[in-house]
Amino acid sequence: MQNYAMKLNDQLDLNLTGEQKHAALYARVSTVEQAEEGYSIDEQINLLREWCEREGYTIYNEYVDRGISGKNIKGRPAIQQLLHDASQKAFDIVLVWKMNRLSRKSSDLLSIVDRLQNKNIGFRSYTERYETETASGRLQFQMMAAIAEFERANIAENVKMGMMARAREGSWNGGQVLGYDVVTVPSDNRKRKLSKLVINEGEAQTVRKIFELYTQGNGYKSIANRLNKEGYRTKKNKEFSINGIKTILCNPIYVGYIRYNVRRDWNEKRRNNINPDPIITKGHHTPIITETTWERTKSIMKSRTGKPNRIHSGDFPLTGILKCPVCGAGMVVGRTINTNKDGTKRVLEYYVCGAWKNKGTAVCRSNGVRAEYAEKYVLEKLAALANNDSLVQRIVESINQKNKDGITPLQKEYEILKKSLSTMQSKKNKVLGLYEDGVLNKADLVTRLDTLNGEIERLEERIAPIEEQMRQGGYHKLDFELVKQVMQNFMIAYKEALTPEQRKRLLHLLIHKITISDNRKIDTIQIQLNKEVIKHFDINGGENSSIADEFSPPFSIVFQFKGGE
């Protein structure tokens with residue numbers, strides 16, 4: 001009766017006022033949901049269209065996020081655009097097929113609905129019959145949001161418990177590992193597909209070589225360098241890195257054990273929060289190395305542990321944003337020790353190619369740049385830019401002219417990111433196909449998709465601002481006063497920073513990247529402007545204040561100036 005009265009009131013309100021009401025439709029589906037439960041974007045949208053026609057609403061726009069998880073609203077272009085349009089009061093109601101399409105986190109749901117209510121915009125769920133325009137409706141909504149989040153957490157907990165049980169039985173929980181292939185084995189339970197590790201002899205030879213080189217006294221970098229020079233490759237057909245070698249040498253899977261739950265809460269804390277007591281049990285797979293080799297490896301590692309690295313001054317704020325002139329990798333700290341004529345030693349600090357330092361000379365050269373020169377040079381140029389109105393004006397005019405002519409500074413980066421995203425999506429589709437064909441079980445599917453989704457989220461967060469600007473017909477027009485104020489406020493904040501880490505964070509916030517010429521001198525400094533930068537450096541008032549609003553569309557501008565300017 002209450003639902004009937006609610007619908008009748010909606011219709012009476014429409015008829016009496018004579019004003020046409022507009023609805024925003026939002027639909028989302030993740031890859032796992034589509035595989036398991038048959039959710040369809042098209043079916044969701046069709047049902048919502050029928051509701052609008054039945055209730056007398058005109059559809060303002062349809063916002064769709066395909067193949068994206070609902071655990072948070074970051075990296076979801078459609079929901080971000082919907083919130084921006086809501087800030088402009090572009091529609092009267094937001095309609096979804098199911099509440100968890102909007103978000104699976106109750107805090108996000110309540111925040112979104114609160115934003116909509118502040119603009120007098122209603123929210124409705126097609127399958128859950130309640131509304132948010134009344135106090136009782138809001139209470140029911142909040143209860144349902146809490147229940148939805150509880151269900152999500154409960155499902156995740158059950159999946160994790162199942163995977164831990166499999167690990168304790170000695171079964172593999174999925175994921176690729178060098179030296180083994182994952183194959184499906186028969187199961188008494190038709191709905192449960194089991195996987196097993198089978199030795200890949202070609203890759204196993206690589207694993208044995210790594211352990212052999214290490215027990216002969218070679219270090220991680222020496223092993224990586226030698227393997228890369230001799231043409232060995234990882235499971236993903238890439239060069240070996242120092243960390244990759246160490247990971248292999250520390251993995252008990254090669255001596256016949258299953259290890260699980262090494263890092264807890266991976267989605268939230270990534271590599272942090274190491275579990276001091278992971279599951280380690282005898283597995284059902286065949287070992288690649290002997291117990292003697294494994295014990296010898298552990299003994300060598302233990303003997304090398306506890307020897308502290310030399311401590312040097314310097315915090316190296318340009319690591320990562322300074323790019324190798326040959327391969328484009330981020331540059332990291334490197335040191336050499338020179339002996340003076342009087343016998344004393346002097347430590348020289350450099351920025352060197354990260355790929356070279358991590359993977360050896362088979363990948364790149366050091367291409368070192370003196371740290372003292374690079375840091376001093378960059379700071380002097382930033383200070384000069386902050387105090388040179390003529391230089392700022394020339395840069396602004398140049399960038400605006402390029403944008404007007406259709407030469408977009410981020411076009412190349414956008415194409416690279418889209419290509420990477422396409423590759424990751426293809427991998428997701430392949431994993432989904434394996435699941436549908438019964439090759440992967442659910443535990444394996446969840447594990448693999450969790451990793452892929454993390455990579456996709458990061459790519460989408462980088463792509464969204466560029467894509468939004470292209471959709472709207474171009475980049476934001478660069479404003480002289482905006483650039484000048486950002487640079488001046490940056491210099492003030494940098495001088496007032498209390499710690500080296502704070503100064504490093506400020507540089508990484510402002511600088512997109514720094515390029516080096518062939519003669520190992522700073523070539524260009526590329527500065528980025530986006531909402532985060534604008535907010536951080538407290539740009540207030542005037543025409544520019546709107547771009548820092550949380551509902552404003554994302555944007556990103558990168559401009560560069562050469563050292564000689």
Side-chain angles (χ1 to χ4, degrees), residues 1-30 33-34 37-68 70 73 76-104 106 108-145 148 468 471-472 551 553:
M1 179 64 72
Q2 182 180 0
N3 291 332
Y4 174 78
M6 181 178 67
K7 291 182 179 180
L8 183 60
N9 287 336
D10 285 343
Q11 293 172 339
L12 288 174
D13 183 53
L14 177 65
N15 294 334
L16 290 174
T17 61
E19 296 180 1
Q20 186 68 51
K21 291 190 173 183
H22 295 85
L25 311 186
Y26 179 77
R28 178 192 62 79
V29 66
S30 70
E33 291 168 332
Q34 196 164 2
E37 302 179 39
Y39 293 132
S40 165
I41 288 286
D42 295 333
E43 290 176 4
Q44 292 179 41
I45 290 294
N46 286 335
L47 290 172
L48 300 183
R49 287 172 181 166
E50 291 175 2
W51 186 93
C52 289
E53 184 178 355
R54 185 168 63 248
E55 303 296 334
Y57 281 86
T58 297
I59 297 174
Y60 171 77
N61 197 7
E62 296 172 355
Y63 303 85
V64 175
D65 282 318
R66 295 181 182 271
I68 301 178
I73 61 175
R76 289 161 60 186
I79 193 66
Q80 295 296 333
Q81 186 62 44
L82 184 148
L83 292 175
H84 169 64
D85 292 347
S87 69
Q88 310 300 315
K89 194 65 174 68
F91 39 77
D92 302 286
I93 192 171
V94 173
L95 182 65
V96 297
W97 173 68
K98 198 173 183 180
M99 182 176 60
N100 62 17
R101 300 302 88 199
L102 203 60
S103 178
R104 289 186 176 275
S106 60
D108 283 343
L109 274 170
L110 296 175
S111 175
I112 291 172
V113 172
D114 186 56
R115 293 178 184 180
L116 296 176
Q117 288 179 342
N118 289 338
K119 295 293 181 179
N120 295 319
I121 297 174
F123 171 75
R124 299 287 174 88
S125 168
Y126 180 88
T127 57
E128 297 142 333
R129 301 291 183 173
Y130 57 83
E131 39 76 35
T132 60
E133 290 90 338
T134 66
S136 60
R138 286 193 296 272
L139 175 61
Q140 184 182 11
F141 167 77
Q142 291 168 3
M143 292 174 63
M144 291 296 294
E468 176 59 26
R471 192 184 71 82
Q472 294 184 356
F551 286 113

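Numbering starts at 1 and runs along the sequence shown. Values below: every heavy atom of this structure, side chains too, minus hydrogens, waters and symmetry copies. These numbers were taken from a predicted model, which means no experiment stands behind them.
Summarising the geometry of Leu25 relative to Cys52, their closest heavy-atom pair is CD2-SG, 3.6 Å, with the distance given to 0.1 Å. Nearest heavy-atom pair, Leu95 versus Trp51, reported as atom, atom and distance to 0.1 Å: CD2-CE3, 3.4 Å. Taking both residues in full, the closest heavy atoms of Leu116 and Ala86 are given as CD2-CB, 3.8 Å, listed atom of the first, atom of the second, then distance.
Among residues two or more places apart in sequence or in another chain, the side chain to side chain donor-acceptor pair (under 3.5 Å) test is passed with Asp114 by none. Every side chain to side chain donor-acceptor pair (under 3.5 Å) that Tyr63 has, sequence neighbours left out, goes to Asp85.
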Please step through side-chain contact (heavy atoms from CB on, under 4.5 Å) for the pair Lys89 and Asn120, ending with a clear verdict. CA-CA 8 Å; Lys89 194 65 174 68; Asn120 295 319; 4.2 Å; yes
Does the pair Arg124 and Ile93 meet the rule for a side-chain contact (heavy atoms from CB on, under 4.5 Å), with working shown? CA-CA 7 Å; Arg124 299 287 174 88; Ile93 192 171; 3.1 Å; yes
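A donor-acceptor pair under 3.5 Å is formed between the side chain of Asp92 and the backbone N or O of His22. With hydrogens and angles ignored, the 3.5 Å screen pairs a side-chain donor or acceptor of Gln44 with a backbone N or O of Arg28.
The CD1 atom of Ile121 lies 12.5 Å from the CD1 atom of Ile112; values are rounded to the nearest 0.5 Å. Taking CG from Asn118 and CZ from Arg115, the interatomic distance works out to 10.0 Å, rounded to the nearest 0.5 Å.
The one candidate from Ile59, Thr58, Leu82, Asn61 that meets the side chain to side chain contact (heavy atoms under 4.5 Å, CB included) condition with Phe91 is Leu82.
The pair Arg49-Glu62 meets the salt-bridge criterion, with a side-chain N (NZ, NE, NH1 or NH2) lying under 4.0 Å from an Asp/Glu carboxylate O.
The shortest side-chain heavy-atom distance between Phe123 and Val96 falls under the 4.5 Å cut-off.
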